[in-house]
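Submitted below is the structure of interest, expressed as structure tokens.
Here is the naming used below: chain letters follow the sequence lines, and residue numbers restart at 1 for every chain.
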Amino acid sequence: MITAQNWTFSSDEALILQQELASQVEHTTRLGPVRYVAGLDVHVYDGMARAAVVVLDFNTLKLVDVGTAICPVAVAYKPGLLAFREGPVLFDAIKRLDIMPDLLIFDGQGIAHPHHLGIASHLGVMLDLPSIGCAKSKLFGHYDELGETKGSYTPLLHEEEVIGAVVRSHDKMKPLYVSIGHRVDLETSVKYVLACCRDHRLPETTRWADKLARRGDKMATKIRV
DNA sequence: GCGACAG
DNA sequence: ATCTTGTCGC
């Protein structure tokens, strides 16, 4: 069984694994009815990584389940290798959910990644669950001007290839970087992200996951003192 | 050599 | 991401 304890790889092994998993990513939609949508986030404090996975009812965007996990931070952050830092603890948190979500919205990239395997695609393939990459900043690719109003978006490109979409989720605010995770096409991914954004720049999934992961940090601080 | 660089 | 003070707006 895969746990947080056996995710350690050398840089060379990580690259091989990314190439292997990238070949398994499905870029077309294979998605059932979406009743539950998940948000995932990790916060690091005092050398420990705390993960919160939240499950929202997609129709109401109300919280219906939470899974958490904690483990020592295994590796330093390196652009392109986020999944090896945050993936293990997220994996454990997902396993603790009572309600298995139909769709995962990650705080990071999908295939808009130097090796076409951001954390959303990496975890999506490992779990064989539909997933979307929804990052707050760009890792890879380039794009042209973007409209100022909510709902407008422009392709994120790598040379001539469309690898994602830069999406204005809120008027005049920084855009979101949406890309295919696994088993959801780009157009559908943008649709789901915007549906979760309601009145904020970030999707409700991300907002809830961030809040609960931070709560874990604060409780640790309190106990510590 | 220099800039870019999810979280 | 994390650290961290003052500042702006509702």
Side-chain angles (χ1 to χ4, degrees), chain A residues 4 7 11 14-15 17-18 21-22 25 38-54 69-94 104-126 131-143 156-159 163-167 169-182 186 189-190 193 199-203 205-221 224-225:
Chain A
W7 268 53
S11 299
L15 178 56
L17 179 63
Q18 285 185 327
L21 291 180
V25 174
L40 310 88
D41 200 21
V42 174
H43 276 261
V44 176
Y45 178 77
D46 205 22
M48 301 297 283
R50 291 177 173 80
V53 179
V54 298
I70 180 169
C71 73
V73 176
V75 295
Y77 168 73
K78 294 282 183 191
L81 297 176
L82 179 65
F84 296 93
R85 177 172 166 88
E86 297 195 347
V89 70
L90 284 173
F91 196 94
D92 287 351
I94 291 170
L104 309 175
I105 299 180
F106 281 82
D107 206 346
Q109 310 290 347
I111 64 171
H113 176 282
H115 305 130
H116 319 295
L117 195 85
I119 190 167
S121 299
H122 193 131
L123 274 284
V125 168
M126 287 193 71
S131 67
I132 295 170
C134 178
K136 296 183 291 297
S137 62
K138 189 191 73 176
L139 171 66
F140 193 61
H142 55 272
Y143 59 100
L156 179 64
L157 306 166
H158 173 52
E159 295 170 356
I163 58 171
V166 187
V167 180
S169 57
H170 204 68
D171 285 359
K172 303 184 98 176
M173 298 206 71
K174 278 188 56 180
L176 260 25
Y177 299 81
V178 177
S179 57
I180 291 172
H182 184 51
L186 184 58
S189 298
V190 170
V193 167
D199 301 318
H200 302 274
R201 176 191 174 227
L202 300 178
T205 45
T206 299
R207 290 166 50 80
W208 268 112
D210 181 70
K211 181 177 180 175
L212 296 187
R214 284 180 191 278
R215 178 178 298 177
D217 284 357
K218 283 181 181 165
M219 289 171 81
T221 306
R224 219 166 157 271
V225 177

Check whether A/Ser189 reaches the backbone of A/Ile180 with its side chain - one donor and one acceptor, N or O, closer than 3.5 Å.
no

Heavy-atom nearest pair, A/Leu176 first then A/Ser169, reads CD2-OG, 3.5 Å

Query - Backbone of A/Ile70 reached by a side-chain donor or acceptor of A/Arg50 within 3.5 Å - result: no

- Classify the nucleic acid contact of A/Glu86 as base, sugar-phosphate or nothing, counting any heavy atom under 4.0 Å across all strands shown. sugar-phosphate

inquiry  = Heavy atoms only, 4.0 Å cut-off, all strands: where does A/Leu40 land among base, sugar-phosphate and nothing?
reply    = nothing

The residue among A/Val193, A/Thr205, A/Leu186 that forms side-chain contact (heavy atoms from CB on, under 4.5 Å) with A/Ile132 is A/Val193

Sorted by chain and number, sequence neighbours left out, ring pair (Phe, Tyr, Trp, His ring centres under 6.0 Å) with A/His158 holds for A/Phe140

When rounded to whole Å, the CZ to P distance for the pair A/Arg50 and C/dA1 reads 16 Å

Each base of DNA chain B marked ( ) or [ ] if paired in-strand (Watson-Crick or G-U under 3.5 Å), | if paired to another strand and . if unpaired gives .......

A/Asp210 CG to C/dT2 C1', in whole Å, measures 13 Å

(message) Tell me if a side-chain donor or acceptor on A/Ser131 pairs with a main-chain N or O of A/His182 at a distance below 3.5 Å.
(response) yes

Q: Say whether, by atom type as modelled, one donor and one acceptor occur between the side chain of A/Arg201 and the main chain of A/Pro175 under 3.5 angstrom.
A: yes

message: At 4.0 Å (heavy atoms only), tell me whether A/Gly133 reaches a base, stays on the sugar-phosphate, or touches nothing.
response: nothing

**Asked** A/Tyr77 and A/Val44: side chain to side chain contact (heavy atoms under 4.5 Å, CB included), yes or no, with the steps?
**Response** CA-CA 11 Å; A/Tyr77 168 73; A/Val44 176; over 6 Å; no

Taken to the nearest whole Å, CG/A/Asp199 to P/C/dC10 is 16 Å

Q) Looking only at side chains, do A/His43 and A/Asp210 share a donor and an acceptor under 3.5 Å apart? A) yes

Applying side chain to side chain contact (heavy atoms under 4.5 Å, CB included) to A/His113 and not counting sequence neighbours gives A/Gln18, A/His115, A/Leu139

When pairs are called at under 3.5 Å and a stem needs at least three consecutive Watson-Crick or G-U pairs, the stems of DNA chain C are none

Students should find that the nucleotides of DNA chain B closing off the region near chain A, any atom under 4.0 angstrom from a heavy atom, are B/dC5 to B/dG7

Sorted by chain and residue number, the ring pair (Phe, Tyr, Trp, His ring centres under 6.0 Å) partners of A/Tyr143 (sequence neighbours excluded) come out as A/Tyr177

